**Q** 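First the structure, which I've put down as structure tokens, then a few questions once you've had a look.
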Amino acid sequence: MTIKTILTEPNKILRQISKPVENVGKEEQVLMKDMLETMYHAKGIGLAAIQVGVPKRIIVLDISKEENKKSPMFFVNPVIKNKNLKLSTYEEGCLSVPNQFAEIDRPSECIVEYLDFNGEKKILKTKGLLATCIQHEMDHLEGILFIDYLSKLKKSMIIKKLSKQKDKVDRIVV
Ligand code: GNR
Ligand code: NI
């Protein structure tokens with residue numbers, strides 16, 4: 001398994017729309033395992049393939065709290081079938097928007113149809129953090145980041161901060 005580099009904003013690749021997977025084969029399974037390892041390493045609870053530069057509609061999640069009770073979930077070609085009209089608010093973060101957090105409203109429950117790790121069709125009813133996280137990850141598949149829901153001012157302040165941070169890192173590396 002391989003820990004991959006997580007792309008961070010600003011990066012145009014993160015704005016790509018990911019393509020449906022035609023067949024869940026060996027290549028996709030290796031990618032899912034690498035994504036999971038990358039996510040655990042970065043201490044995240046979810047990761048979309050585009051965050052490691054692969055524009056495929058693949059998501060991995062693990063919202064379990066305890067380190068010794070890992071429960072990874074894999075979603076290929078996920079589709080939201082039903083969204084609750086009721087919204088809930090969570091303080092969201094994103095591995096592609098490091099160290100920035102904001103409260104975001106999203107439907108509190110949703111039903112997701114997807115293919116699992118073995119390519120089998122599944123339907124899952126989600127609520128709470130799982131529902132929020134799935135929707136956050138599905139936004140990545142459309143090139144959307146949580147900062148896109150903030151005011152123009154807040155969003156531009158965050159992007160400016162991240163750009164400066166990147167420049168600094170580049171200067172040290174070069
Ligand atoms: O690690 C993550 N935590 C998180 C917290 C609240 C709402 C969404 C998330 S997802 C995020 C990992 C990530 O960036 N996934 O794309
Ligand atoms: Ni994210």
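For clarity, every value in this text was computed on a predicted model and none was experimentally measured. For ligands, and for the atoms within them, numbers begin at 1 and follow the listed sequence. The chain is numbered in sequence order, starting from 1. The figures here come from the full heavy-atom set of this structure, side chains too, leaving out hydrogens, waters and symmetry mates.
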**Q** Any carboxylate oxygen within less than 4.0 angstrom of a Lys/Arg side-chain nitrogen, looking at Glu27 and Lys56?
**A** yes
**Q** Near Glu137, which atoms of ligand 1 are under 4.0 Å from a heavy atom of that residue?
**A** 10 (S), 13 (C), 15 (N), 16 (O)
**Q** Report yes or no: does Arg57 contribute a side-chain atom to a donor-acceptor pair with the main-chain N or O of Ser18 at less than 3.5 Å?
**A** yes
**Q** Tell me the contacting part of His136 for ligand 1: side chain, backbone, both, or neither, using a 4.0 Å heavy-atom threshold, strictly below.
**A** side chain
**Q** Would you mind checking if Asp62 and Lys69 are paired as a salt bridge, meaning a charged N to carboxylate O distance below 4.0 Å?
**A** no
**Q** Are any of the side-chain nitrogens in Lys86 or Asp105 under 4.0 Å away from the carboxylate oxygens of its partner?
**A** no
**Q** Please write down residue, atom name and distance for the protein heavy atom closest to atom 13 (C) of ligand 1.
**A** Gly46 O, 3.4 Å
**Q** Under a heavy-atom criterion of less than 4.0 Å, does Met39 contact ligand 1?
**A** no
**Q** Can you tell me which residue and heavy atom of the protein come closest to atom 14 (O) of ligand 1, and the distance to 0.1 Å?
**A**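 Scanning the protein heavy atoms, the shortest distance from atom 14 (O) of ligand 1 goes to Leu95 N, 2.8 Å.
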**Q** Is there a side-chain contact between Gln51 and Leu95, using heavy atoms and a 4.5 Å cut-off?
**A**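 In contact.
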**Q** Among all protein heavy atoms, pick out the one at the shortest distance from atom 7 (C) of ligand 1; state its residue, atom name and that distance to 0.1 Å.
**A**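 Minimum-distance protein heavy atom for atom 7 (C) of ligand 1 reads Glu92 CG, 3.5 Å.
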**Q** Around atom 2 (C) of ligand 1, find the nearest protein heavy atom and jot down its residue, atom name and distance.
**A**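 So the nearest neighbour among protein heavy atoms is Ile45 CG1, 3.5 Å.
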**Q** What atoms in ligand 1 come closer than 4.0 Å to a heavy atom of Cys94?
**A**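 Ligand 1 atoms under the 4.0 Å threshold to Cys94: 14 (O).
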**Q** Suppose I only count heavy atoms of Gly44 and a 4.0 Å limit; which atoms of ligand 1 are within that range?
**A** 1 (O)
**Q** Is it true that Glu109 and Lys83 have a side-chain N and a carboxylate O under 4.0 angstrom from each other?
**A**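 Result for this pair is no, no salt bridge flagged.
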**Q** Is the shortest side-chain heavy-atom distance between Leu130 and Leu124 below 4.5 Å?
**A** yes
**Q** Tell me the angle that NE2 of His136 and NE2 of His140 form around the Ni ion (ligand 2), rounded to 10°.
**A** 100°
**Q** Is the closest basic N to carboxylate O distance between Arg15 and Glu142 below 4.0 Å?
**A** no
**Q** Which protein heavy atom lies closest to atom 11 (C) of ligand 1, and at what distance to 0.1 Å?
**A** Gly93 O, 3.6 Å
